[in-house]
Protein chains: 2
Amino acid sequence: MKSEATKLREVRDGFVAQWGVMGSHWGINRTMAQVHALLMTSPDAMSTDEVMEELSISRGNAHTNLKELVNWGLLRIVIRKGERKEYFEAELDVWEIFRRIVEERKRREIDPTLGLLQECLSASSGMKSAGGRSFHEQMKSLEEFVRFASKMSDRVAGMPHGKAMQLAMKIFG
Amino acid sequence: MKSEATKLREVRDGFVAQWGVMGSHWGINRTMAQVHALLMTSPDAMSTDEVMEELSISRGNAHTNLKELVNWGLLRIVIRKGERKEYFEAELDVWEIFRRIVEERKRREIDPTLGLLQECLSASSGMKSAGGRSFHEQMKSLEEFVRFASKMSDRVAGMPHGKAMQLAMKIFG
DNA sequence: CTGAACTTTCGGTAAATACTGAAATATATG
DNA sequence: CATATATTTCAGTATTTACCGAAAGTTCAG
């Protein structure tokens with residue numbers, strides 16, 4: 001009979017591996033997603049060496065991805081007194097995780113897109129030809145929409161969990 | 001002095017190229033994003049050959065990406081009477097574009113994630129150890145949240161443009 | 001200041017992904 | 001059914017992205 005600890009290790013390893021696959025299906029580095037999954041399901045903070053060991057990856061790789069996750073705000077660095085090593089612990093609150101991801105994706109995806117659209121918008125303003133005007137119109141609708149989406153995602157991600165749930169109820173009701 | 005047609009060609013080429021860069025920054029094939037940009041700003045439907053020509057890409061590449069965009073529901077195939085070639089035209093309505101993208105990303109990103117979480121949830125239910133129970137709890141919060149997000153994105157993407165705007169006003173108000 | 005503990009960087013390499021070009025297949029026309 | 005026209009597939013190749021491991025850099029205690 002399999003011990004509970006063994007079973008847990010198996011299930012957790014499966015989770016880590018699959019979360020990595022998911023990650024790569026939505027444009028996130030596989031290893032980064034695995035590190036995140038590992039720490040989200042770790043009872044304790046882990047050091048770079050422990051992460052290397054657990055995932056069988058190199059120091060450089062572990063380092064890069066841990067730091068990237070810190071940049072995303074999904075991991076925190078913690079220091080244990082009397083030790084010089086850095087340990088990493090995951091943000092566990094799902095709403096907080098969601099907010100960080102929305103914020104980061106907005107910064108990386110939405111904001112630069114908006115910039116591009118605004119350039120095209122002004123570069124094509126005042127064009128007289130049919131082609132020029134229809135291009136301008138299309139840029140205008142896109143720019144309006146993306147600007148709007150940007151504002152909305154700020155709003156939602158800025159809400160505390162409770163407020164967001166209230167709002168959600170309105171949508172369902 | 002530069003003619004308006006020349007200027008338009010420049011601006012549009014810039015848009016197509018940059019839209020491609022954007023795409024690759026959010027996990028979408030660069031070429032696919034370029035093809036999409038090209039057709040969104042084309043006054044007329046285009047054939048595979050015209051797309052190849054315009055973007056200087058091979059037939060196979062053009063074909064694959066055009067068909068993929070049709071799968072996403074972002075392009076339609078149109079047939080001109082008296083001709084055997086297929087032409088492609090883009091969906092131009094921004095709300096419609098948004099809905100298609102949300103739907104597709106949900107199908108690819110959210111649904112499989114939910115499946116994984118549900119497996120981990122049931123595999124860890126009833127565990128007695130501290131580690132087992134905290135793993136189960138974490139899976140539970142994630143599963144609840146993702147299931148909820150899934151439902152919300154269905155709701156929003158299922159709304160007609162007008163309804164969605166009304167709702168948006170509530171959030172701002 | 002010196003050495004040990006730990007972190008960061010980076011050139012070379014491996015793996016994954018996208019693209020080409022041509023052949024194979026399908027479809028319409030006479 | 002023969003031919004021309006158009007679409008689809010795919011093996012080989014090119015490009016991009018991720019990873020390793022060792023060396024360089026940093027920090028801190030003694």
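Chain A is the first sequence line, chain B the second, and so forth, proteins listed ahead of strands; every chain is numbered from 1. From a predicted model like this one, the values you see are computed outputs, not experimental measurements. What you see below is based on every heavy atom in this structure, not just the backbone, and it leaves out hydrogens, waters and symmetry mates.
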Residue met sooner reading DNA chain C from 5', once A:Glu86 and A:Arg30 are mapped to nucleotides: A:Glu86
A:Ser24 or A:Tyr87, whichever maps to the more 5' nucleotide of DNA chain C: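 Result of the comparison: A:Tyr87.
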What is the distance, rounded to the nearest whole Å, between atom [atom1] of [X] and atom [atom2] of [N]?
X	N	atom1	atom2	result
B:Arg80	D:dT5	CZ	P	18 Å
B:His25	D:dT17	NE2	P	9 Å
A:His63	D:dA18	NE2	C1'	15 Å
A:Ile57	C:dA15	CD1	P	16 Å
B:Glu83	C:dA28	CD	P	15 Å
B:Glu68	C:dA18	CD	C1'	13 Å
A:Leu66	C:dT9	CG	C1'	16 Å
B:Lys81	C:dT29	NZ	C1'	19 Å

Distance below 4.0 Å between B:Asn29 side-chain N/O and C:dC19 OP1 or OP2: yes
Charged N-O contact under 4.0 Å between A:Arg107 and A:Glu104: yes
Any donor-acceptor N or O pair under 3.5 Å, side chains B:Glu4, A:Ser129: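 A:Ser129 and B:Glu4 do have a side-chain donor-acceptor pair below 3.5 Å.
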Donor-acceptor pair between A:Thr6 and A:Ser3 side chains, under 3.5 angstrom: yes
Face-on cation placement of A:Arg12 at B:Phe135 ring, 6.0 Å and 45° thresholds: no
Under 3.5 Å between N/O atoms: give me all the protein pairs with nucleotides 22-28 of chain D, atom names plus distance.
from, atom 1, to, atom 2, distance (Å)
D:dT27, O2, A:Arg84, NH2, 2.6

Nearest-neighbour nucleotide for the A:Lys85 side chain, D:dA6, C:dA18, C:dC6 considered: C:dC6
Nearest to side-chain heavy atoms of A:Ser58, which nucleotide of D:dA18, D:dG21, D:dT8: D:dG21
Sugar-phosphate, base or nothing in reach of A:Asn61, heavy atoms under 4.0 Å: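 Sugar-phosphate contact only - A:Asn61 comes under 4.0 Å of backbone atoms but never of a base.
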Sugar-phosphate, base or nothing in reach of A:Thr31, heavy atoms under 4.0 Å: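 Result for A:Thr31 = sugar-phosphate.
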Contact summary for B:His36 and B:Leu69, nearest pair of heavy atoms: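 Shortest heavy-atom contact: N-CD1, 3.8 Å.
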Closest non-hydrogen atom pair between B:Thr48 and B:His63, with its separation: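 So the minimum-distance heavy-atom pair works out to CG2-N, 4.4 Å.
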Contact list for residues 59-70 of chain B, test salt bridge (Lys or Arg N to Asp or Glu O under 4.0 Å), sequence neighbours left out: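 As it turns out, the salt bridge (Lys or Arg N to Asp or Glu O under 4.0 Å) pairs with a partner in residues 59-70 of chain B, which skip direct neighbours, are B:Asp49-B:Arg59, B:Lys67-B:Glu86, B:Glu68-B:Arg108.
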